[in-house]
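What follows is a set of notes on a single structure, which appears directly below.
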Amino acid sequence: MNLTGIILAGGESSRIGKDKSKIIYNNLPLIEYPINLFRKYCDEIIISADSNKLNEYNYLKVPDEIGKYGPLAGIYSCLKKSSNHVNIVISCDMPLITDKLISYIIDNSNGFDLIMPFYNSHYEPLCAIYTKSLIPVIEDLFSKNDYSPLSLIPVCNFKQLEISESLPFFNKNVFSNVNTIYDLNNLK
């Protein structure tokens, strides 16, 4: 399957006070965790960020086309630029996402427009599969001033992907993200 990896790195990082994508965790900038995962599975990598940001990475940078309206704006803009129908999205601030989880999500993606992990009674929209078929659906949400990725669930061909302790690669912290220095210290 041809697959594009989309890395969300366009946020304001206001709670942590500096560019999250460049924060060091276990000797690597956070942006390199999804890059390293995507190199194995994706024939294209796109970074959702302003074009003047992260110039040290030789991947297409796509700014939010409609303005700073959160992660769905970045996903939408990148879907429009993607060369592939199927796209896997990871936020750059989730360094505990594993190779086995990505493989599991990809293996369960056939035939759906949106495949979103569900763990501990929560959806994980920032580690999910989005297809280009969602572009008009997202545009419809935007026309209603709705910018939540979770609003896609009832209006598209959606698959909830259960993540449970019974999976051999289970890690209860896999979806932890870094929004503050406290979060970063807790990962360590």
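Fair warning: this is a prediction, and the values are worked out from it, not measured in the lab.
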Just verifying a value: how many Å separate Glu56 CD and Ile31 CD1, rounded to the nearest 0.5 Å? 9.0 Å

Side-chain donor/acceptor pairs under 3.5 Å, residues 71-80, sequence neighbours excluded:
from	atom 1	to	atom 2	distance (Å)
Tyr76	OH	Lys80	NZ	3.4
Tyr76	OH	Glu139	OE2	2.6
Ser77	OG	Glu65	N	2.7
Ser77	OG	Ala73	O	3.0
Lys80	NZ	Glu65	OE1	3.4
Lys80	NZ	Glu65	OE2	2.8

Flag the pair Val174 / Tyr119 as yes when at least one side-chain heavy-atom distance between them is below 4.5 Å, and no otherwise. no

Rounded to the nearest 0.5 Å, the CD1 atom of Ile102 sits from the CD1 atom of Ile105 at a distance of 4.5 Å

So which pairs with a foot in residues 80-114 pass ring pair (Phe, Tyr, Trp, His ring centres under 6.0 Å), sequence neighbours left out? Tyr104-Phe169

Check each of Ile7, Ile47, Leu54, Leu30 against Ser21 using the side chain to side chain contact (heavy atoms under 4.5 Å, CB included) test, and report the only one that passes. Leu54

Are Thr4 and Cys42 close enough that some pair of their side-chain heavy atoms sits under 4.5 Å apart? no

Does Tyr41 have any ring pair (Phe, Tyr, Trp, His ring centres under 6.0 Å) partners at least two apart in sequence or in another chain, and if so, which? none

Nearest heavy-atom contact between His122 and Asn120 is ND1-O, 2.7 Å

Excluding sequence neighbours, so at least two apart, what forms ring pair (Phe, Tyr, Trp, His ring centres under 6.0 Å) with Tyr33? Tyr25

The side chain to side chain contact (heavy atoms under 4.5 Å, CB included) partner of Leu126 among Leu8, Asn177, Ile90 is Leu8

Contacts of Asp99 meeting salt bridge (Lys or Arg N to Asp or Glu O under 4.0 Å) (sequence neighbours excluded), chain-then-number -> Lys40

With sequence neighbours left out, write down each residue that passes side chain to side chain donor-acceptor pair (under 3.5 Å) with Glu162, or none if nothing qualifies. Gln160

Could you tell me whether the side chain of Ser109 and the main chain of Ile106 form a donor-acceptor pair under 3.5 Å? yes

For Phe142 and Asp146 the tightest heavy-atom approach is CD2-O, 3.5 Å

List for me each residue that meets side chain to side chain donor-acceptor pair (under 3.5 Å) alongside Asp43, sequence neighbours excluded, and say none if there are none. Asn84

Do Asn52 and Lys61 come within less than 4.5 Å of each other through their side chains, counting heavy atoms only? no

State the OG-CG distance between Ser151 and Leu141, to the nearest 0.5 angstrom. 5.5 Å

Just so I know, are the side chains of Pro29 and Ile24 near enough to count as touching, which here means a heavy-atom distance under 4.5 Å? yes

Count the heavy atoms of every other residue, nucleotide or ligand shown that sit under 6.0 Å from CG of Asn58, and state whether that count exceeds 12. no

Separation of Ser82 OG from Ile6 CD1 (nearest 0.5 Å): 5.5 Å

Test side chain to side chain contact (heavy atoms under 4.5 Å, CB included) on Leu114 and Val137; report intermediate values, then the result. CA-CA 11 Å; Leu114 176 62; Val137 180; over 6 Å; no

To the nearest 0.5 Å, atom CE of Met116 lies from atom SG of Cys127 at 10.5 Å

If the condition is salt bridge (Lys or Arg N to Asp or Glu O under 4.0 Å), which residues does Lys132 pass it with, not counting sequence neighbours? none

Is the gap between the ring centers of Tyr123 and Phe158 under 6.0 Å? yes

Kindly write out the residues that satisfy ring pair (Phe, Tyr, Trp, His ring centres under 6.0 Å) with Tyr57, not counting sequence neighbours, or none if the list is empty. none

Quick check against the 3.5 Å criterion: does Lys81 have a side-chain atom that pairs as donor or acceptor with the backbone of Val62? no

Check for a donor-acceptor pair, side chain of Thr98 on one end and backbone N or O of Leu101 on the other, with a separation under 3.5 Å. yes

What one should report as the nearest heavy-atom pair of Ser164 and Phe170 is O-CD1, 3.1 Å

Residues at least two apart in sequence or cross-chain that pass salt bridge (Lys or Arg N to Asp or Glu O under 4.0 Å) with Glu165, listed by chain then number, are none

Measuring from Lys159:NZ to Asp113:CG, what's the distance to the nearest 0.5 Å? 13.0 Å

Taking only residues two or more places apart in sequence or in another chain, which ones pass ring pair (Phe, Tyr, Trp, His ring centres under 6.0 Å) with Tyr130? none

Among all residues two or more places apart in sequence or in another chain, which pass the side chain to side chain donor-acceptor pair (under 3.5 Å) test with Asp140? Lys144

Identify the heavy atoms of Ile163 and Pro117 that sit nearest to each other, and give their distance. CG1-CB, 3.8 Å

